[in-house]
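See below for the structure under consideration.
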Amino acid sequence: DAGVIQSPRHEVTEMGQEVTLRCKPISGHNSLFWYRQTMMRGLELLIYFNNNVPIDDSGMPEDRFSAKMPNASFSTLKIQPSEPRDSAVYFCASSFRPGPQETQYFGPGTRLLVL
Amino acid sequence: AQSVTQLDSQVPVFEEAPVELRCNYSSSVSVYLFWYVQYPNQGLQLLLKYLSGSTLVKGINGFEAEFNKSQTSFHLRKPSVHISDTAEYFCAVALYNQGGKLIFGQGTELSVKP
């Protein structure tokens with residue numbers, strides 16, 4: 001079975017450019033999460049969706065970050081304009097049902113480097 | 001505020017030795033507890049989780065963890081490690097009243113040496 005799919009796997013861009021990260025959750029899963037992993041801050045939740053609706057975006061660092069989920073099989077995380085401090089590994093995860101007891105299945109991540 | 005503390009950032013052990021990775025949490029509300037493993041250049045994978053019931057939870061790859069409510073701990077153990085267990089291990093909590101939001105510890109890097 002296909003797991004969570006993320007693209008691209010690696011992205012190198014210059015400061016000021018727009019970056020779009022993509023995620024395809026596991027088919028049939030109804031919740032989707034975006035996380036960021038850095039050495040300084042560890043793993044932190046940016047935003048999550050239930051049934052394509054954003055539920056909690058309190059972790060989104062600032063207005064330069066936006067996320068959408070136009071349908072059950074696709075989500076994007078956009079950074080515009082990008083800055084060097086956005087360099088991190090961005091993970092997408094999905095779970096079958098909404099709820100704190102649910103297992104989250106993680107994608108392989110997108111490694112972003114902003115020069 | 002809720003937080004998760006993993007007491008050891010790095011744990012080196014020899015193959016076939018036992019290991020314990022320590023995790024403490026702080027929360028004013030009930031939580032669910034998780035351990036995830038991250039192999040190099042991969043995403044996270046669930047090892048085990050505690051939701052309710054028996055405080056000793058068994059997971060994949062021979063790992064187990066014990067929930068101790070009075071000490072607010074959820075330590076991960078394995079009686080005999082293999083080289084293939086070399087990875088980073090994350091303890092996480094989910095608050096029962098905050099949807100699926102996971103709060104992660106800083107991670108423990110387990111290095112198994114031959």
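What you see below is based on every heavy atom in this structure, not just the backbone, and it leaves out hydrogens, waters and symmetry mates. Order of the sequence lines fixes the chain letters, A, B, ..., with proteins taken first and strands second; residue numbering starts at 1 for each chain. What you see is a predicted model; the values in this text were computed from it and never measured.
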Check this for me: [X], atom [atom1], are more than 12 non-hydrogen atoms of other residues, nucleotides or ligands nearer than 6.0 Å?
X: B:Y96; atom1: OH; result: no
X: A:E14; atom1: CD; result: no
X: B:F67; atom1: CZ; result: yes
X: B:R77; atom1: CZ; result: yes
X: A:D63; atom1: CG; result: no

Is A:Q37 close to B:F90 at the side-chain level, that is, under 4.5 Å between some pair of heavy atoms?
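They are in side-chain contact.
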Heavy-atom side-chain proximity of A:S58 to B:K101 below 4.5 angstrom
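A:S58 vs B:K101: side chains touch.
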Proximity breakdown for [X] and chain B, heavy-atom pairs closer than 4.5 Å:
X: A:T103; value: both
X: A:T110; value: neither
X: A:R97; value: neither
X: A:E102; value: backbone

First locate atom [atom1] of [X], then atom [atom2] of [Y], and finally report the distance between them rounded to the nearest 0.5 Å.
X: B:Q38; Y: A:L43; atom1: CD; atom2: CG; value: 6.5 Å
X: A:S95; Y: B:L46; atom1: OG; atom2: CG; value: 12.0 Å
X: B:L44; Y: A:Q104; atom1: CG; atom2: CD; value: 10.0 Å

What are the two closest heavy atoms between A:P100 and B:A94, and how far apart are they?
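That would be O-CB, 3.4 Å.
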Taking all heavy atoms of B:Q106 and all of A:M39, pick out the closest pair and write down the distance.
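In this case the closest contact between B:Q106 and A:M39 is NE2-O, 4.2 Å.
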Would [X] and [Y] show up in the same hydrophobic cluster when neighbours are defined by side-chain heavy atoms closer than 4.5 Å?
X: A:F106; Y: A:L32; result: no
X: A:M69; Y: A:V4; result: no
X: A:L45; Y: A:F65; result: no
X: A:L21; Y: A:L115; result: no
X: A:V12; Y: A:L77; result: no

With only heavy atoms counted, which part of [X] is less than 4.5 Å from chain A, the side chain, the backbone, both or neither?
X: B:L51; answer: side chain
X: B:Q42; answer: backbone
X: B:K49; answer: side chain
X: B:L33; answer: neither

Between A:G59, A:A93, A:G99, who has the most heavy-atom pairs with chain B when the cutoff is under 4.5 Å?
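Answer, by heavy-atom pair count under 4.5 Å with chain B: A:G99.
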